[in-house]
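Convention: sequence-line order gives letters A, B, ...; per-chain numbering from 1.
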Protein chains: 2
Amino acid sequence: MSSKNPDTRHRILEAARTMLEEEKAPKVRMGDIAKAAGISRQALYLHFPTRAELLVATARFLDEVNGADAKFAACSEARTGRERLDAFIQAWGGYIPEIYGVGRALLAMQDTDEAARAAWEDRMQAVRSGCRSAVEMLDSDGSLCSEVTAERAVDLLWTLLSVRNWEQLTQACGWSQAEYVREMQALAQRALIRAEN
Amino acid sequence: MSSKNPDTRHRILEAARTMLEEEKAPKVRMGDIAKAAGISRQALYLHFPTRAELLVATARFLDEVNGADAKFAACSEARTGRERLDAFIQAWGGYIPEIYGVGRALLAMQDTDEAARAAWEDRMQAVRSGCRSAVEMLDSDGSLCSEVTAERAVDLLWTLLSVRNWEQLTQACGWSQAEYVREMQALAQRALIRAEN
DNA sequence: CCCTTTGCTTGACACTGTGTAAAGTTGACA
DNA sequence: TGTCAACTTTACACAGTGTCAAGCAAAGGG
(Lines give C-alpha, C1' and ligand atoms only; values in the text may rest on other atoms or scores of the structure.)
Protein backbone atom coordinates (compact mmCIF):
# COMPACT_ATOMS: atom_id res chain seq x y z
CA MET A 1 0.00 0.00 0.00
CA SER A 2 1.99 2.89 1.34
CA SER A 3 5.34 1.13 1.37
CA LYS A 4 8.00 2.34 -0.98
CA ASN A 5 11.17 0.39 -1.55
CA PRO A 6 10.64 -3.20 -0.37
CA ASP A 7 14.38 -3.51 0.11
CA THR A 8 14.43 -0.69 2.60
CA ARG A 9 11.44 -2.19 4.34
CA HIS A 10 13.34 -5.42 4.70
CA ARG A 11 16.37 -3.63 6.10
CA ILE A 12 14.14 -1.93 8.65
CA LEU A 13 12.64 -5.22 9.77
CA GLU A 14 16.06 -6.79 10.08
CA ALA A 15 17.29 -3.85 12.11
CA ALA A 16 14.19 -3.94 14.31
CA ARG A 17 14.58 -7.63 14.87
CA THR A 18 18.17 -7.21 16.02
CA MET A 19 17.44 -4.23 18.23
CA LEU A 20 14.44 -5.87 19.84
CA GLU A 21 16.27 -9.07 20.61
CA GLU A 22 18.22 -7.25 23.23
CA GLU A 23 17.40 -6.91 26.88
CA LYS A 24 15.57 -3.62 26.97
CA ALA A 25 13.18 -3.96 24.06
CA PRO A 26 10.53 -1.59 25.44
CA LYS A 27 13.11 1.19 25.49
CA VAL A 28 14.05 0.83 21.84
CA ARG A 29 13.03 4.02 20.05
CA MET A 30 12.05 4.70 16.47
CA GLY A 31 15.25 6.66 16.00
CA ASP A 32 17.36 3.76 17.21
CA ILE A 33 15.83 1.43 14.68
CA ALA A 34 16.15 3.98 11.89
CA LYS A 35 19.81 4.50 12.71
CA ALA A 36 20.44 0.76 12.78
CA ALA A 37 18.71 0.41 9.41
CA GLY A 38 20.86 3.20 8.02
CA ILE A 39 17.98 5.51 7.15
CA SER A 40 16.42 8.63 8.60
CA ARG A 41 13.64 8.56 11.17
CA GLN A 42 11.26 10.11 8.67
CA ALA A 43 11.90 7.40 6.12
CA LEU A 44 10.95 4.91 8.81
CA TYR A 45 7.57 6.61 9.16
CA LEU A 46 7.15 6.34 5.43
CA HIS A 47 7.14 2.56 5.77
CA PHE A 48 5.49 2.15 9.16
CA PRO A 49 3.08 4.87 10.29
CA THR A 50 3.37 4.11 14.01
CA ARG A 51 5.63 2.35 16.42
CA ALA A 52 2.93 -0.20 17.15
CA GLU A 53 2.63 -1.14 13.49
CA LEU A 54 6.38 -1.51 13.14
CA LEU A 55 6.45 -3.81 16.16
CA VAL A 56 3.61 -5.91 14.83
CA ALA A 57 5.28 -6.18 11.44
CA THR A 58 8.48 -7.23 13.17
CA ALA A 59 6.62 -9.90 15.12
CA ARG A 60 5.17 -11.26 11.89
CA PHE A 61 8.57 -11.13 10.27
CA LEU A 62 10.04 -13.09 13.14
CA ASP A 63 7.36 -15.74 12.92
CA GLU A 64 8.02 -16.08 9.24
CA VAL A 65 11.79 -16.29 9.61
CA ASN A 66 11.56 -18.81 12.41
CA GLY A 67 8.84 -20.89 10.82
CA ALA A 68 6.69 -20.57 13.91
CA ASP A 69 3.50 -21.76 12.25
CA ALA A 70 5.13 -24.94 11.02
CA LYS A 71 6.47 -25.73 14.46
CA PHE A 72 3.05 -25.38 16.03
CA ALA A 73 1.42 -27.30 13.24
CA ALA A 74 3.80 -30.18 13.82
CA CYS A 75 2.24 -30.66 17.26
CA SER A 76 -0.92 -32.04 15.73
CA GLU A 77 0.95 -35.13 14.61
CA ALA A 78 0.90 -36.35 18.18
CA ARG A 79 -1.46 -39.27 18.61
CA THR A 80 -2.51 -39.04 22.22
CA GLY A 81 -3.69 -36.02 24.17
CA ARG A 82 -0.79 -36.28 26.53
CA GLU A 83 1.69 -36.33 23.69
CA ARG A 84 0.08 -33.38 22.05
CA LEU A 85 0.08 -31.42 25.28
CA ASP A 86 3.78 -32.12 25.73
CA ALA A 87 4.60 -31.35 22.11
CA PHE A 88 2.71 -28.10 22.30
CA ILE A 89 4.36 -27.00 25.53
CA GLN A 90 7.70 -27.86 23.99
CA ALA A 91 6.92 -25.83 20.87
CA TRP A 92 5.74 -22.98 22.96
CA GLY A 93 8.89 -23.15 25.07
CA GLY A 94 10.89 -22.49 21.94
CA TYR A 95 8.50 -19.88 20.59
CA ILE A 96 8.34 -17.50 23.54
CA PRO A 97 12.03 -16.61 23.67
CA GLU A 98 11.93 -16.00 19.92
CA ILE A 99 9.30 -13.32 20.20
CA TYR A 100 10.10 -12.25 23.72
CA GLY A 101 11.65 -8.88 22.93
CA VAL A 102 9.00 -7.70 20.51
CA GLY A 103 6.31 -9.04 22.79
CA ARG A 104 7.71 -7.15 25.74
CA ALA A 105 7.80 -3.95 23.72
CA LEU A 106 4.24 -4.43 22.54
CA LEU A 107 2.97 -5.31 25.99
CA ALA A 108 4.69 -2.28 27.49
CA MET A 109 2.61 0.08 25.37
CA GLN A 110 -0.67 -1.75 25.65
CA ASP A 111 -1.99 0.68 28.24
CA THR A 112 -1.55 3.75 26.11
CA ASP A 113 -2.08 2.20 22.72
CA GLU A 114 -5.18 0.17 22.08
CA ALA A 115 -3.87 -0.94 18.68
CA ALA A 116 -0.80 -2.45 20.31
CA ARG A 117 -2.94 -4.33 22.77
CA ALA A 118 -5.20 -5.74 20.09
CA ALA A 119 -2.26 -6.66 17.90
CA TRP A 120 -0.53 -8.57 20.63
CA GLU A 121 -3.71 -10.35 21.56
CA ASP A 122 -4.07 -11.30 17.92
CA ARG A 123 -0.50 -12.58 17.84
CA MET A 124 -1.23 -14.73 20.86
CA GLN A 125 -4.09 -16.46 19.15
CA ALA A 126 -1.61 -18.91 17.69
CA VAL A 127 -0.62 -19.95 21.18
CA ARG A 128 -4.18 -20.00 22.36
CA SER A 129 -5.33 -22.20 19.53
CA GLY A 130 -2.47 -24.51 20.32
CA CYS A 131 -3.78 -24.73 23.87
CA ARG A 132 -7.24 -25.41 22.56
CA SER A 133 -6.18 -28.24 20.26
CA ALA A 134 -4.11 -29.86 22.99
CA VAL A 135 -6.93 -29.66 25.50
CA GLU A 136 -9.51 -30.87 23.03
CA MET A 137 -7.44 -33.93 22.35
CA LEU A 138 -7.06 -34.57 26.06
CA ASP A 139 -10.80 -34.28 26.32
CA SER A 140 -11.68 -36.66 23.50
CA ASP A 141 -8.93 -38.92 24.80
CA GLY A 142 -10.62 -39.20 28.15
CA SER A 143 -7.40 -38.06 29.79
CA LEU A 144 -8.58 -34.58 30.75
CA CYS A 145 -8.94 -34.20 34.49
CA SER A 146 -12.60 -34.65 35.35
CA GLU A 147 -12.59 -31.68 37.72
CA VAL A 148 -12.15 -29.14 34.95
CA THR A 149 -14.16 -28.34 31.82
CA ALA A 150 -12.39 -28.18 28.50
CA GLU A 151 -13.12 -24.48 28.12
CA ARG A 152 -11.72 -23.75 31.56
CA ALA A 153 -8.67 -25.86 30.85
CA VAL A 154 -7.90 -23.86 27.74
CA ASP A 155 -8.02 -20.60 29.69
CA LEU A 156 -5.86 -22.02 32.43
CA LEU A 157 -3.28 -23.44 30.09
CA TRP A 158 -3.18 -20.26 28.08
CA THR A 159 -2.56 -18.26 31.21
CA LEU A 160 0.08 -20.65 32.49
CA LEU A 161 1.91 -20.21 29.22
CA SER A 162 1.74 -16.44 29.00
CA VAL A 163 4.81 -14.35 28.36
CA ARG A 164 4.35 -12.73 31.74
CA ASN A 165 4.73 -16.04 33.50
CA TRP A 166 7.77 -16.87 31.53
CA GLU A 167 9.14 -13.49 32.46
CA GLN A 168 8.40 -13.79 36.14
CA LEU A 169 9.84 -17.26 36.53
CA THR A 170 12.96 -16.68 34.50
CA GLN A 171 13.77 -13.18 35.71
CA ALA A 172 12.58 -13.00 39.29
CA CYS A 173 13.03 -16.67 40.15
CA GLY A 174 16.04 -17.36 37.97
CA TRP A 175 14.66 -20.36 36.12
CA SER A 176 16.28 -21.44 32.90
CA GLN A 177 14.28 -21.98 29.75
CA ALA A 178 14.68 -25.74 29.96
CA GLU A 179 13.62 -25.82 33.59
CA TYR A 180 10.66 -23.68 32.80
CA VAL A 181 9.42 -25.88 30.00
CA ARG A 182 9.93 -29.04 32.03
CA GLU A 183 8.21 -27.59 35.07
CA MET A 184 5.26 -26.31 33.09
CA GLN A 185 4.85 -29.66 31.41
CA ALA A 186 4.75 -31.28 34.82
CA LEU A 187 2.44 -28.65 36.24
CA ALA A 188 0.04 -28.88 33.33
CA GLN A 189 0.01 -32.65 33.60
CA ARG A 190 -0.71 -32.61 37.31
CA ALA A 191 -3.31 -29.89 36.96
CA LEU A 192 -5.08 -30.99 33.79
CA ILE A 193 -4.61 -34.70 33.35
CA ARG A 194 -6.78 -37.25 35.02
CA ALA A 195 -4.92 -39.03 37.79
CA GLU A 196 -4.28 -42.67 36.96
CA ASN A 197 -5.92 -44.70 39.69
CA MET B 1 11.79 15.06 55.51
CA SER B 2 10.54 17.06 52.60
CA SER B 3 6.83 16.81 53.40
CA LYS B 4 5.02 19.89 54.47
CA ASN B 5 1.46 19.79 55.68
CA PRO B 6 0.54 16.21 56.66
CA ASP B 7 -3.09 17.06 56.07
CA THR B 8 -2.43 17.92 52.45
CA ARG B 9 -0.39 14.77 52.10
CA HIS B 10 -3.35 12.78 53.32
CA ARG B 11 -5.70 14.53 50.89
CA ILE B 12 -3.32 13.66 48.07
CA LEU B 13 -3.24 9.99 49.03
CA GLU B 14 -7.01 9.87 49.28
CA ALA B 15 -7.32 11.50 45.87
CA ALA B 16 -4.75 9.13 44.37
CA ARG B 17 -6.53 6.16 45.85
CA THR B 18 -9.83 7.18 44.30
CA MET B 19 -8.34 8.01 40.91
CA LEU B 20 -6.35 4.79 40.75
CA GLU B 21 -9.28 2.61 41.64
CA GLU B 22 -10.73 3.30 38.25
CA GLU B 23 -10.27 1.28 35.11
CA LYS B 24 -7.42 3.11 33.44
CA ALA B 25 -4.99 3.53 36.32
CA PRO B 26 -1.85 3.63 34.16
CA LYS B 27 -3.24 6.67 32.36
CA VAL B 28 -3.80 8.71 35.51
CA ARG B 29 -1.50 11.71 35.40
CA MET B 30 0.09 13.77 38.14
CA GLY B 31 -2.12 16.70 37.15
CA ASP B 32 -5.26 14.60 37.50
CA ILE B 33 -4.38 13.62 41.03
CA ALA B 34 -3.44 17.16 41.96
CA LYS B 35 -6.73 18.46 40.65
CA ALA B 36 -8.65 15.79 42.52
CA ALA B 37 -6.80 16.69 45.70
CA GLY B 38 -7.61 20.35 45.17
CA ILE B 39 -4.02 21.51 44.93
CA SER B 40 -1.63 22.56 42.21
CA ARG B 41 0.60 20.14 40.37
CA GLN B 42 3.66 21.80 41.87
CA ALA B 43 2.42 21.28 45.40
CA LEU B 44 2.09 17.62 44.58
CA TYR B 45 5.77 17.49 43.70
CA LEU B 46 6.51 19.13 47.05
CA HIS B 47 5.11 16.06 48.78
CA PHE B 48 6.10 13.32 46.33
CA PRO B 49 9.16 13.92 44.18
CA THR B 50 8.20 11.46 41.44
CA ARG B 51 5.18 9.66 40.12
CA ALA B 52 6.66 6.33 41.16
CA GLU B 53 7.03 7.45 44.76
CA LEU B 54 3.48 8.73 44.86
CA LEU B 55 2.21 5.41 43.56
CA VAL B 56 4.24 3.47 46.09
CA ALA B 57 2.99 5.66 48.91
CA THR B 58 -0.55 5.13 47.67
CA ALA B 59 -0.03 1.38 47.68
CA ARG B 60 1.20 1.51 51.25
CA PHE B 61 -1.70 3.73 52.19
CA LEU B 62 -4.13 1.24 50.67
CA ASP B 63 -2.58 -1.65 52.55
CA GLU B 64 -2.88 0.30 55.75
CA VAL B 65 -6.48 1.35 55.17
CA ASN B 66 -7.52 -2.16 54.18
CA GLY B 67 -5.60 -3.89 56.92
CA ALA B 68 -3.88 -6.09 54.39
CA ASP B 69 -1.18 -7.31 56.75
CA ALA B 70 -3.71 -8.46 59.33
CA LYS B 71 -5.65 -10.39 56.69
CA PHE B 72 -2.55 -12.23 55.55
CA ALA B 73 -1.41 -12.81 59.11
CA ALA B 74 -4.75 -14.42 59.89
CA CYS B 75 -3.90 -17.20 57.46
CA SER B 76 -1.29 -18.60 59.82
CA GLU B 77 -4.03 -19.66 62.18
CA ALA B 78 -4.81 -22.53 59.85
CA ARG B 79 -3.75 -25.84 61.31
CA THR B 80 -3.12 -27.97 58.26
CA GLY B 81 -1.16 -27.14 55.18
CA ARG B 82 -4.20 -27.54 53.01
CA GLU B 83 -6.20 -25.15 55.15
CA ARG B 84 -3.44 -22.61 55.11
CA LEU B 85 -3.09 -22.87 51.35
CA ASP B 86 -6.81 -22.28 50.96
CA ALA B 87 -6.88 -19.45 53.49
CA PHE B 88 -3.97 -17.78 51.78
CA ILE B 89 -5.45 -18.05 48.33
CA GLN B 90 -8.68 -16.64 49.71
CA ALA B 91 -6.86 -13.71 51.31
CA TRP B 92 -4.95 -13.12 48.15
CA GLY B 93 -8.19 -13.19 46.17
CA GLY B 94 -9.40 -10.28 48.23
CA TYR B 95 -6.09 -8.46 48.19
CA ILE B 96 -5.41 -8.29 44.49
CA PRO B 97 -8.51 -6.30 43.52
CA GLU B 98 -7.75 -3.88 46.33
CA ILE B 99 -4.35 -2.96 44.95
CA TYR B 100 -5.11 -3.72 41.33
CA GLY B 101 -5.23 -0.15 40.06
CA VAL B 102 -2.06 1.05 41.72
CA GLY B 103 -0.33 -2.17 40.82
CA ARG B 104 -1.27 -1.78 37.19
CA ALA B 105 0.03 1.77 37.16
CA LEU B 106 3.28 0.71 38.78
CA LEU B 107 3.73 -2.27 36.48
CA ALA B 108 3.08 -0.12 33.43
CA MET B 109 6.10 2.03 34.18
CA GLN B 110 8.43 -0.74 35.28
CA ASP B 111 10.24 -0.77 31.94
CA THR B 112 11.19 2.89 32.01
CA ASP B 113 11.51 3.35 35.74
CA GLU B 114 13.72 0.99 37.70
CA ALA B 115 12.51 2.45 41.00
CA ALA B 116 8.93 1.56 40.12
CA ARG B 117 9.93 -1.99 39.30
CA ALA B 118 11.82 -2.46 42.54
CA ALA B 119 9.01 -0.91 44.56
CA TRP B 120 6.39 -3.19 43.11
CA GLU B 121 8.59 -6.21 43.63
CA ASP B 122 8.98 -5.13 47.22
CA ARG B 123 5.25 -4.74 47.60
CA MET B 124 4.76 -8.27 46.29
CA GLN B 125 6.99 -9.73 48.96
CA ALA B 126 3.97 -9.90 51.23
CA VAL B 127 2.25 -12.18 48.75
CA ARG B 128 5.38 -14.16 48.19
CA SER B 129 5.97 -14.74 51.87
CA GLY B 130 2.35 -15.90 52.12
CA CYS B 131 3.10 -18.42 49.38
CA ARG B 132 6.19 -19.52 51.22
CA SER B 133 4.45 -20.05 54.53
CA ALA B 134 1.62 -21.99 52.90
CA VAL B 135 4.01 -24.22 50.97
CA GLU B 136 6.24 -24.78 53.98
CA MET B 137 3.28 -25.97 55.97
CA LEU B 138 2.26 -28.30 53.15
CA ASP B 139 5.80 -29.59 53.19
CA SER B 140 6.07 -30.23 56.93
CA ASP B 141 2.56 -31.62 56.75
CA GLY B 142 3.61 -34.26 54.30
CA SER B 143 0.89 -33.09 51.94
CA LEU B 144 3.15 -31.39 49.40
CA CYS B 145 3.21 -33.22 46.12
CA SER B 146 6.32 -35.36 46.01
CA GLU B 147 7.11 -34.36 42.46
CA VAL B 148 7.98 -30.80 43.38
CA THR B 149 10.46 -29.26 45.80
CA ALA B 150 9.25 -26.69 48.31
CA GLU B 151 11.31 -23.92 46.74
CA ARG B 152 9.92 -24.72 43.31
CA ALA B 153 6.42 -24.82 44.66
CA VAL B 154 6.78 -21.33 46.14
CA ASP B 155 7.88 -19.95 42.77
CA LEU B 156 5.05 -21.70 40.99
CA LEU B 157 2.40 -20.58 43.42
CA TRP B 158 3.71 -17.05 43.41
CA THR B 159 3.51 -16.96 39.65
CA LEU B 160 0.06 -18.48 39.56
CA LEU B 161 -1.09 -15.72 41.88
CA SER B 162 0.48 -12.80 40.08
CA VAL B 163 -1.51 -9.75 39.15
CA ARG B 164 -0.87 -10.48 35.49
CA ASN B 165 -2.60 -13.81 35.74
CA TRP B 166 -5.52 -12.30 37.51
CA GLU B 167 -5.67 -9.72 34.78
CA GLN B 168 -5.51 -12.18 31.93
CA LEU B 169 -8.13 -14.51 33.30
CA THR B 170 -10.59 -11.83 34.35
CA GLN B 171 -10.20 -9.53 31.39
CA ALA B 172 -9.42 -11.72 28.43
CA CYS B 173 -11.27 -14.82 29.60
CA GLY B 174 -14.07 -13.07 31.46
CA TRP B 175 -13.68 -14.86 34.74
CA SER B 176 -15.22 -13.35 37.86
CA GLN B 177 -13.20 -12.83 41.00
CA ALA B 178 -14.99 -15.66 42.79
CA GLU B 179 -14.45 -18.05 39.90
CA TYR B 180 -10.84 -17.09 39.76
CA VAL B 181 -10.19 -17.73 43.42
CA ARG B 182 -12.07 -21.02 43.32
CA GLU B 183 -10.28 -22.20 40.22
CA MET B 184 -6.85 -21.23 41.52
CA GLN B 185 -7.53 -23.05 44.74
CA ALA B 186 -8.41 -26.13 42.77
CA LEU B 187 -5.47 -25.75 40.41
CA ALA B 188 -3.01 -25.24 43.25
CA GLN B 189 -4.40 -28.27 45.03
CA ARG B 190 -4.13 -30.50 41.99
CA ALA B 191 -0.69 -29.17 41.13
CA LEU B 192 0.90 -28.97 44.56
CA ILE B 193 -0.85 -31.39 46.86
CA ARG B 194 0.04 -35.04 47.06
CA ALA B 195 -2.65 -37.18 45.49
CA GLU B 196 -4.48 -39.31 48.03
CA ASN B 197 -4.00 -42.88 47.01
C1' DC C 1 1.32 45.60 64.85
C1' DC C 2 5.02 44.25 62.07
C1' DC C 3 7.88 40.58 60.32
C1' DT C 4 9.30 36.16 59.24
C1' DT C 5 8.34 31.58 58.00
C1' DT C 6 5.55 27.99 56.01
C1' DG C 7 2.77 26.09 52.48
C1' DC C 8 0.94 26.82 48.69
C1' DT C 9 0.03 29.40 43.99
C1' DT C 10 1.01 30.89 39.21
C1' DG C 11 3.61 30.94 35.13
C1' DA C 12 7.48 29.69 32.44
C1' DC C 13 10.41 26.26 30.83
C1' DA C 14 13.69 22.14 29.87
C1' DC C 15 13.54 17.50 28.30
C1' DT C 16 12.05 13.18 25.97
C1' DG C 17 9.80 10.76 22.49
C1' DT C 18 6.10 10.33 18.84
C1' DG C 19 4.33 11.81 14.85
C1' DT C 20 3.62 15.58 10.99
C1' DA C 21 4.85 18.95 7.49
C1' DA C 22 7.51 21.14 3.99
C1' DA C 23 11.21 21.85 1.07
C1' DG C 24 15.51 20.03 -0.85
C1' DT C 25 18.52 16.22 -2.96
C1' DT C 26 19.72 12.29 -5.69
C1' DG C 27 19.40 8.77 -9.08
C1' DA C 28 16.81 6.08 -12.42
C1' DC C 29 14.43 6.06 -16.34
C1' DA C 30 12.04 7.86 -20.59
C1' DT D 1 16.19 17.23 -20.58
C1' DG D 2 12.55 16.45 -17.58
C1' DT D 3 10.07 13.95 -14.25
C1' DC D 4 9.12 10.88 -10.67
C1' DA D 5 10.19 8.11 -6.61
C1' DA D 6 12.62 7.43 -2.45
C1' DC D 7 14.92 9.46 0.76
C1' DT D 8 17.13 13.61 3.36
C1' DT D 9 17.19 17.68 6.45
C1' DT D 10 15.15 20.98 9.25
C1' DA D 11 11.36 22.50 11.90
C1' DC D 12 7.67 21.90 14.77
C1' DA D 13 3.23 20.45 17.41
C1' DC D 14 1.94 17.76 21.32
C1' DA D 15 1.83 15.27 25.70
C1' DG D 16 3.61 14.40 30.10
C1' DT D 17 7.24 14.68 33.77
C1' DG D 18 9.87 17.28 36.53
C1' DT D 19 12.32 22.04 37.75
C1' DC D 20 12.71 26.91 38.80
C1' DA D 21 11.58 31.44 40.41
C1' DA D 22 8.66 34.88 42.09
C1' DG D 23 4.54 35.94 44.57
C1' DC D 24 0.89 35.62 48.05
C1' DA D 25 -1.74 34.60 52.29
C1' DA D 26 -2.14 33.15 56.85
C1' DA D 27 -0.12 31.76 61.39
C1' DG D 28 2.60 32.91 65.18
C1' DG D 29 6.26 35.16 67.82
C1' DG D 30 8.73 39.47 68.96
Within residues 27-36 of chain A: residues closer than 4.0 Å to DNA chain C (heavy atoms): A:Arg29, A:Met30
From CG of B:Asp111 across to P of C:dG17 the rounded distance in Å is 14 Å
For B:Asp139, enumerate each residue passing the salt bridge (charged side-chain N to carboxylate O under 4.0 Å, His left out) test, keeping only those at least two apart in sequence or located in another chain. none
Are any protein N/O atoms closer than 3.5 Å to N/O atoms in nucleotides 22-30 of chain C? If there are, list each pair with its distance.
none

Would you kindly give the CE-to-P distance between B:Met109 and C:dT16, to the nearest whole Å? 17 Å
Enumerate the residue pairs fulfilling salt bridge (Lys or Arg N to Asp or Glu O under 4.0 Å) with a member in residues 74-95 of chain A, sequence neighbours excluded, ordered by first and then second residue. A:Arg82-A:Glu196
Pair listing, salt bridge (Lys or Arg N to Asp or Glu O under 4.0 Å) test, anchored in residues 173-182 of chain B, at least two apart: A:Arg152-B:Glu179
Are B:Arg117 and B:Glu114 within salt-bridge range, i.e. N to O under 4.0 Å? yes
Describe, as an angle rounded to 10 degrees, how the axis at the first end of the helix from C:dC1-D:dG30 to C:dA30-D:dT1 is tilted relative to the axis at the last end, five pairs per end. 30°
For B:Tyr45, side chain to side chain contact (heavy atoms under 4.5 Å, CB included) partners two or more places apart: B:Met30, B:Arg41
Nearest-Å distance for atom pair CG/P, residues B:Leu55 and D:dT17: 10 Å
Once you round it to whole Å, what is the distance between C1' of D:dG16 and CG of B:Leu54? 15 Å
For D:dA6, does OP1 or OP2 lie under 4.0 Å from any side-chain N or O of A:His47? no
Distance check needed: D:dC7 C1' versus A:Asp7 CG, whole Å only. 14 Å
For the residue pair A:Trp92 and A:Tyr180, does the interplanar ring angle fall in the parallel (under 30°), tilted (30 to 60°) or perpendicular (over 60°) class? tilted
Nearest listed nucleotide, side chain of B:Ser40, among C:dT10, D:dT9, D:dG18: C:dT10
Is any side-chain nitrogen or oxygen of A:Thr8 closer than 4.0 Å to OP1 or OP2 of D:dA6? no
Checking B:Asp32 now: which residues fulfil side chain to side chain donor-acceptor pair (under 3.5 Å) with it, not counting sequence neighbours? B:Arg29
Answer yes if the side chains of B:Tyr95 and B:Asn66 hold a donor-acceptor pair under 3.5 Å, and no otherwise. no
Among D:dT8, C:dG19, C:dC8, which nucleotide has an atom closest to any side-chain atom of A:Ile39? D:dT8
Can you find a donor-acceptor N/O pair under 3.5 angstrom joining the side chain of B:Arg41 to the base of D:dG18? yes
Can you name the side chain to side chain donor-acceptor pair (under 3.5 Å) partners of B:Arg190, sequence neighbours left out? none
Nearest-Å distance for atom pair CG/C1', residues B:Asn5 and D:dA26: 13 Å
Residues at least two apart in sequence or cross-chain that pass side chain to side chain contact (heavy atoms under 4.5 Å, CB included) with A:Ala59, listed by chain then number, are A:Val102, A:Arg123
Expressed in angstrom and rounded to an integer, what is the separation of A:Asp113 atom CG from C:dG17 atom P? 17 Å
Counterpart residues, side chain to side chain donor-acceptor pair (under 3.5 Å), relative to A:Gln168 (two or more places apart): none
Could you state the atom-to-atom distance from CG of A:Leu44 to C1' of C:dA21 in whole Å? 17 Å
The criterion is side chain to side chain donor-acceptor pair (under 3.5 Å); which residues satisfy it with B:Asp69, sequence neighbours excluded? none
